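Below you'll find the structure, written out as structure tokens, and then a few comments.
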Amino acid sequence: MEKISSAIYEFISTYVPEEDILTEEPMSRHTTFRVGGEAQCFVRISDKEQLKKLIPYLRQVEVPYFILGNGSNLLVSDKGYEGVILQIGNKMNTITVEGIHIRAQAGALLSQIAKCAYDKGLTGFEFASGIPGSIGGGVVMNAGAYGGEMKQVVESVLVMDIQGEILELSGESMEFGYRTSIIKNRPFIVLEVCLKLEQGNKERIASDMEELAQKRREKQPLEYASAGSTFKRPEGYFAGKLIMDAGLRGYSIGGAQVSDKHCGFVVNTGRASATDVAEVISEVQERVKDKFGVSLETEVIFLGDF
């Protein structure tokens, strides 16, 4: 693995405090799968000015970088990441409420925003209360659950392009689709999201959130580390049912397993490596394709060399 030069570290440290620049940082600490090797350089971002300086520079010196949110749909190779991880997390997670609008910086967790909406008696965001991601990642993939999705509530998104220019995209221009958005295909970085909700009844909001939480507890393997739903829903089918019908319930390699509780989840039973997880995913895709002729596409993003 080629080392990142001291000149690059020096440049980064001009704009980022030393305590927010970590070297050889285990990515298992930063993904909900709890697996993954070390990132050569891990930078905790606290404002858009840092990104404005770092992104164009890293591109100029041809050092690979990856924008990390909460790591809730990410599988990082056991070999780690040869480059710079820029984490937009709890140093960039301010939430403000103006009437029926909520503005949230990209690092704010969906669960925090849902709680804030409840506190202010705003309805429309209950579906996101149990999704374990940040709003930045949630907007990129049009996160959704139980009939709700980001598309329904996003009014505008503040993004940065690779030149460091800041643009505001309207909800309509986000090209939201099933687990996708314009940002999936364009190198934009989400900085802030404005949601438009509705005035609601606090008791009703609380009861809806509890009902969804109960459904999750009953149907999802929340007791294990995972990245949520591993596969996208193939048109006309349910991924979990295809996997179960292929005889793969409980199928495991090392510490990675197709969940007994919900076959659409690959979980880390406590001692999995990223390779274990990747191999289980690959076997599931192969068997479902062989048996039903259906290609399962992952929701999970693979980072690094597998």
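Starting from 1, each residue takes its place in the sequence as its number. The shown structure was predicted, so the numbers you read here are calculated from the model rather than taken from an experiment.
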[Y] side chain reached by [X] side chain, heavy atoms, under 4.5 Å:
{"X": "M174", "Y": "V139", "answer": "yes"}
{"X": "P64", "Y": "Y81", "answer": "yes"}
{"X": "F302", "Y": "S77", "answer": "no"}
{"X": "E38", "Y": "M27", "answer": "no"}
{"X": "N93", "Y": "L109", "answer": "no"}
{"X": "V190", "Y": "I135", "answer": "no"}
{"X": "L169", "Y": "F188", "answer": "yes"}
{"X": "L122", "Y": "Q199", "answer": "yes"}

* **Between E198 and T123: side-chain donor-acceptor atoms closer than 3.5 Å** => no
Sub-3.5 Å donor-acceptor pair from the side chain of [X] to the main-chain atoms of [Y], do we have one?
{"X": "Q152", "Y": "E149", "value": "yes"}
{"X": "N142", "Y": "Y178", "value": "no"}
{"X": "D20", "Y": "P17", "value": "no"}
{"X": "N268", "Y": "F33", "value": "yes"}
{"X": "D78", "Y": "G37", "value": "no"}
{"X": "Q50", "Y": "S46", "value": "yes"}
{"X": "S181", "Y": "I183", "value": "yes"}
{"X": "S13", "Y": "E10", "value": "yes"}
{"X": "Q105", "Y": "T94", "value": "yes"}
{"X": "T31", "Y": "V35", "value": "yes"}

Enter the distance from [X]:[atom1] to [Y]:[atom2] here, rounded to the nearest 0.5 Å.
{"X": "S129", "Y": "I113", "atom1": "OG", "atom2": "CD1", "answer": "12.0 Å"}
{"X": "H262", "Y": "K219", "atom1": "NE2", "atom2": "NZ", "answer": "8.5 Å"}
{"X": "S111", "Y": "I131", "atom1": "OG", "atom2": "CD1", "answer": "10.0 Å"}
{"X": "L110", "Y": "N70", "atom1": "CG", "atom2": "CG", "answer": "8.5 Å"}
{"X": "Q285", "Y": "R287", "atom1": "CD", "atom2": "CZ", "answer": "13.0 Å"}
{"X": "T14", "Y": "I12", "atom1": "OG1", "atom2": "CD1", "answer": "9.0 Å"}

What about [X] and [Y], same hydrophobic cluster or not, with Ile/Leu/Val/Met/Phe/Trp/Tyr joined at side-chain heavy-atom distances under 4.5 Å?
{"X": "V266", "Y": "Y224", "result": "no"}
{"X": "I95", "Y": "V157", "result": "yes"}
{"X": "I88", "Y": "I166", "result": "yes"}
{"X": "I21", "Y": "V61", "result": "yes"}
{"X": "L158", "Y": "I55", "result": "yes"}

* Give the intermediate values and the outcome of side-chain contact (heavy atoms from CB on, under 4.5 Å) for residues L68 and L86. => CA-CA 6 Å; L68 176 74; L86 300 169; over 6 Å; no
* May I have all residue pairs that pass side chain to side chain donor-acceptor pair (under 3.5 Å) and include part of residues 247-261, sequence neighbours excluded? =>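 For residues 247-261: none.
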* **Pairs satisfying side chain to side chain donor-acceptor pair (under 3.5 Å), at least one member in residues 297-306, at least two apart** =>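 Sorted pair list: R179-E299, K232-E297.
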* To do: Would you sort out whether F231 and V284 count as a side-chain contact (heavy atoms from CB on, under 4.5 Å), showing the intermediate values?
  => CA-CA 10 Å; F231 303 97; V284 165; 3.6 Å; yes
* **For E210, all residues meeting side chain to side chain donor-acceptor pair (under 3.5 Å), sequence neighbours excluded** =>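 E210 satisfies side chain to side chain donor-acceptor pair (under 3.5 Å) with R217 once adjacent residues are dropped.
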Taking only residues two or more places apart in sequence, or in another chain, which ones meet [X] in a side-chain contact (heavy atoms from CB on, under 4.5 Å)?
{"X": "C194", "answer": "H101, R103, E155, S156"}
{"X": "I301", "answer": "N73, L74"}
{"X": "E165", "answer": "D161, Q163"}

Check whether more than 12 heavy atoms from other residues, nucleotides or ligands sit under 6.0 Å from atom [atom1] of [X], and answer yes or no.
{"X": "E203", "atom1": "CD", "result": "no"}
{"X": "E218", "atom1": "CD", "result": "yes"}
{"X": "F292", "atom1": "CZ", "result": "yes"}

What residues, two or more places apart in sequence or in another chain, satisfy salt bridge (Lys or Arg N to Asp or Glu O under 4.0 Å) together with [X]?
{"X": "E24", "result": "K3"}
{"X": "E279", "result": "none"}
{"X": "K215", "result": "none"}

* Pairs flagged by ring pair (Phe, Tyr, Trp, His ring centres under 6.0 Å) wherever residues 119-177 is involved - sequence neighbours left out ->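 Listed once each, the pairs are F125-F127.
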* Asked: Can you list every salt bridge (charged side-chain N to carboxylate O under 4.0 Å, His left out) pair that touches residues 45-68, not counting sequence neighbours?
  -> none
* **Pair listing, salt bridge (charged side-chain N to carboxylate O under 4.0 Å, His left out) test, anchored in residues 119-148, at least two apart** =>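 Qualifying pairs: K115-D119.
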* To do: Check the pair K79 / F306 against side-chain contact (heavy atoms from CB on, under 4.5 Å), numbers first and verdict last.
  => CA-CA 8 Å; K79 297 170 191 166; F306 281 88; over 6 Å; no
* **V277 vs T230, side-chain contact (heavy atoms from CB on, under 4.5 Å): CA-CA, chis, key distance, verdict** => CA-CA 10 Å; V277 175; T230 308; over 6 Å; no
